[in-house]
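Just below is one structure, and these are the notes that go with it.
Because only heavy atoms are used, hydrogens play no part in the values below, and waters and symmetry mates are left out as well, while side chains stay in.
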Amino acid sequence: MKTLYPLIFTPLFKYRMWGGEKLKSALNKEYSEKNIGESWEISDVTESETVVASGALKGKTIRELISLYGAEFVGESVLERFGEEFPLLIKFIDAKTPLSIQVHPSDELARERHNSFGKNEMWYVMQADEGAELIVGFDKKVSKEIYKKSLEEGTILDVLHSEKVVSGDVFNIPTGRVHAIGAGVLLAEIQQTSDVTYRIYDYKRVDAKTGKERELHTELAIDAIDFSVEENYKTAYQLTENQSNTLVHTPYFKTNVIALEGSIRKDASNIDSFIIYMCVEGVSSFAYENETYELTKGSTILIPAAINYFEISGGGKLLEVTI
């Protein structure tokens, strides 16, 4: 069997009515279509599986890699928990205009209704135009009745929390939390492998491709929403150079950030999981067994669980994701 090595996948580009050009202009993605809003970097979503871009395993899907290598690829505990299903979906998102306001169901609801994982996720803001905002959670306590009335009257924005954002801002979006990416925001998104979204409000927009307003999921969403109000929705974190600084650690994924300056040797022998690195700033390179893999801003690499030692060098910032 071929030996595992650090893997870069060929991204999948997704049309979105709100998509812009930043995936191409800021992240150097190559595509010719218009309104590309998402670059799916690593995906095991049915009919949207990414494949290895180069090397002896070129063309292999994640599911094929799990079937071939099992725990060597994903880690013993990950294999026991998820079997041959890969648990994460890794994306870059460019919102030229605001996304719909939405919410994701929990594992329990998603399993019952859609035979799917739920969709806990997090955002790392890579770039934001001046004054750009995100919507995260509620600004005030509302009942289901008040919430439904605000939807009917088109005043839902009055009860939701909007926050201006800049590069480096981090938000955890657990299932049940109402949210939306605003116009002018480019971000990295880490989420459970799920494509289940309940659309709550969409500004009565008409999709140019279909000529129709997109479907809303008002009744499905009601039971999925967490109506609690948080004092602060943004994640605070420390940033020490050349260390794995904690961003968001949940039962579904753990994300750290590394502010890289120079070179560091990584010992992953105590991590029973694959490791994904997303380059969100600058340029870095990974050295493993006399091979070098370069990451530029907007690129992603997966280190299989069987690889314990490697070196990272360069400058900028990397998101480090494990289970």
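- Residues Asp139 and Asp158 fail the side-chain proximity criterion, which asks for heavy atoms closer than 4.5 Å.
- Heavy-atom neighbours of Lys60 NZ from other residues, nucleotides or ligands within 6.0 Å: at or below the threshold of 12.
- The neighbour count for Asp267 CG, taken as heavy atoms of other residues, nucleotides or ligands under 6.0 Å away, is above 12.
- Closest of all the heavy-atom pairs between Glu38 and Ile93 is CG-CG1, 4.0 Å.
- Counting heavy atoms from C-beta on, the side chains of Ile101 and Leu160 come closer than 4.5 Å.
- The shortest non-hydrogen separation linking Leu7 to Phe73 is CD1-CE1, 3.7 Å.
- A 4.5 Å side-chain heavy-atom check between Ile90 and Gln191 finds every atom pair outside the cut-off.
- The existence of a salt bridge linking Glu41 and Lys29 is confirmed by a sub-4.0 Å separation between a basic side-chain nitrogen and an acidic carboxylate oxygen.
- The aromatic rings of His104 and His179 sit tilted, their planes meeting at an angle between 30° and 60°.
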Please determine whether side chain to side chain contact (heavy atoms under 4.5 Å, CB included) holds for the pair Val170 and Val125, giving the CA-CA distance in whole Å, both sets of side-chain angles, and the decisive distance to 0.1 Å.
CA-CA 6 Å; Val170 172; Val125 177; over 6 Å; no
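- Of all the heavy atoms in Val165 and Val185, the pair that sits closest is CG2-CG2, 4.1 Å.
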Going through the distances and angles, do Asp207 and Arg16 end up as a salt bridge (charged side-chain N to carboxylate O under 4.0 Å, His left out)?
CA-CA 9 Å; Asp207 190 319; Arg16 300 292 184 254; over 6 Å; no
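- Ring-centre distance between Phe171 and Tyr124: not below the 6.0 Å cut-off.
- Aromatic pair Tyr252/Phe117: ring centres not closer than 6.0 Å.
- When every heavy atom of Phe138 is checked against every heavy atom of Val229, the shortest pair comes out as O-CG1, 3.5 Å.
- Between Glu311 and Arg265, no side-chain nitrogen of the basic residue sits less than 4.0 Å from a carboxylate oxygen of the acidic one, so the salt-bridge criterion is not met.
- Ion pairing of Lys234 with Asp169 is present here, as a side-chain N (NZ or NE/NH1/NH2) and a carboxylate O approach within less than 4.0 Å.
- Around the CG atom of Asn290, the shell of radius 6.0 Å holds no more than 12 heavy atoms that belong to other residues, nucleotides or ligands.
- No side-chain heavy atom of Asp272 sits less than 4.5 Å from a side-chain heavy atom of Val78.
- Within the 4.5 Å cutoff, the side chain of Tyr147 has heavy atoms near those of the Ile222 side chain.
- Electrostatic pairing of Lys164 and Glu130 does not count as a salt bridge here, judged by no charged N lying under 4.0 Å from a carboxylate O.
- With ring centers used as reference points, Tyr309 lies 6.0 Å or more from Tyr288.
- For His114 and Tyr198, the gap between ring centers is short of 6.0 Å.
- Between Asp129 and Lys96 no salt bridge is recorded (no basic side-chain N to carboxylate O distance below 4.0 Å).
- Side-chain contact, Gln238 with Asn245: no donor N or O sits under 3.5 Å from an acceptor N or O.
- Side-chain contact between Asn172 and Pro174 is present, with heavy atoms from C-beta onward closer than 4.5 Å.
- Closest non-hydrogen pair, Cys279 versus Ser284, comes out as SG-OG, 4.5 Å.
- In plain terms, the two heavy atoms of Ser54 and Tyr5 that are nearest each other are O-OH, 2.8 Å.
- Under a 4.0 Å N-O distance rule, the pair Arg214/Asp202 qualifies as a salt bridge.
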